[in-house]
Amino acid sequence: MRLDTLKGDYLRCGLTPEICKVLFNDWRKMPARSGLYSIWHGDTCIYVGQGSGRSGIRGRLKHHWNKAHGEFKTTAGRPNGTQDTAAWADGRKRADWVPNAWEVEFFECSSAVARTYLEGAMLLTLGPMCNDESFADRTAV
């Protein structure tokens, strides 16, 4: 698994996570629990993040699915809650942008402090395309 590259960071947090994998299109199968995740197209990291609260990881993946497919319409007169960002808009312009081929690696983690630390480690180590921080670093002049 690609998230195995963070073993030292897991140890620092006192974790031995079970890393799981699902297809991006199967985001509804994600757990409604707190944890961290990464979205992949082959060896290219698209996004990393953390989920918590009532909908956990699954709640976050719903918005990424909308962003990946450029769906920002309203449902029953209400916005779907997904905001488009420059990084996702830039990604959708790419010829190799194929969300149906993406995978999600994830693991559960109940500690808010560990999730915050590990999300930062994932940003630095994996260099995701669509996280605002990574995109800003890549496009800075």
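Just so it is clear, the model here is predicted, and its values are computed rather than measured. All residue numbers refer to positions in the sequence shown, counting from 1.
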Are [X] and [Y] close enough that some pair of their side-chain heavy atoms sits under 4.5 Å apart?
| X | Y | answer |
| --- | --- | --- |
| Ser134 | Tyr47 | no |
| Val104 | Ser38 | no |
| Met122 | Thr125 | no |
| Phe106 | Leu36 | no |
| Glu103 | Val22 | no |
| Ile19 | Tyr10 | yes |
| Lys21 | Trp40 | no |
| Trp27 | Arg58 | yes |

* Asked: Charged N to carboxylate O below 4.0 Å: is that the case for Arg92 and Asp84?
  ->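 The answer is yes: the pair qualifies as a salt bridge.
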* **Check: Asp132 side chain, Thr85 main-chain N or O, donor-acceptor pair, under 3.5 Å** => no
What heavy-atom pair brings [X] and [Y] nearest, and what distance separates the two atoms?
| X | Y | result |
| --- | --- | --- |
| Gln50 | Arg60 | O-NE, 3.5 Å |
| Asn25 | Pro99 | OD1-O, 4.1 Å |
| Cys130 | Trp97 | SG-CH2, 3.7 Å |
| Arg115 | Ser34 | NH1-CB, 3.5 Å |
| Phe24 | Ala68 | CE2-CB, 3.9 Å |
| Val48 | Glu119 | O-OE2, 4.1 Å |

* Does CZ in Arg33 sit with more than 12 non-hydrogen atoms of other residues, nucleotides or ligands closer than 6.0 Å? -> no
* Would you find more than 12 non-hydrogen atoms of other residues, nucleotides or ligands less than 6.0 Å from Arg12 atom CZ? ->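 Open.
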* Determine whether Leu61 and Leu118 fall in the same hydrophobic cluster, where Ile, Leu, Val, Met, Phe, Trp and Tyr are linked whenever their side-chain heavy atoms lie under 4.5 Å apart. =>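 Hydrophobic grouping puts Leu61 apart from Leu118.
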* Begin from the C-alpha positions of Leu3 and Tyr37 and carry the test side chain to side chain contact (heavy atoms under 4.5 Å, CB included) through to its verdict. => CA-CA 9 Å; Leu3 290 181; Tyr37 60 91; over 6 Å; no
* Classify the ring geometry between Trp102 and His41 as parallel (under 30°), tilted (30 to 60°) or perpendicular (over 60°). =>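 Trp102 and His41: tilted rings.
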* Would Cys20 and Glu18 count as a side chain to side chain contact (heavy atoms under 4.5 Å, CB included) if you check the C-alpha gap in whole Å, the side-chain angles of each, and the deciding distance to 0.1 Å? -> CA-CA 6 Å; Cys20 304; Glu18 176 187 352; 4.1 Å; yes
* To do: Kindly indicate, with the supporting measurements, whether the criterion side chain to side chain contact (heavy atoms under 4.5 Å, CB included) is fulfilled by Phe107 and Leu6.
  => CA-CA 12 Å; Phe107 59 94; Leu6 299 164; 5.8 Å; no
To the closest 0.5 Å, what do you measure between [atom1] ([X]) and [atom2] ([Y])?
| X | Y | atom1 | atom2 | value |
| --- | --- | --- | --- | --- |
| Glu105 | Met1 | CD | CE | 5.5 Å |
| Leu126 | Asp43 | CG | CG | 11.0 Å |
| Thr16 | Lys7 | OG1 | NZ | 11.5 Å |
| Glu108 | Ile57 | CD | CD1 | 6.5 Å |

* Asked: Stepwise, does the side chain to side chain contact (heavy atoms under 4.5 Å, CB included) test hold for Cys13 with Tyr117?
  -> CA-CA 8 Å; Cys13 295; Tyr117 169 81; 3.4 Å; yes
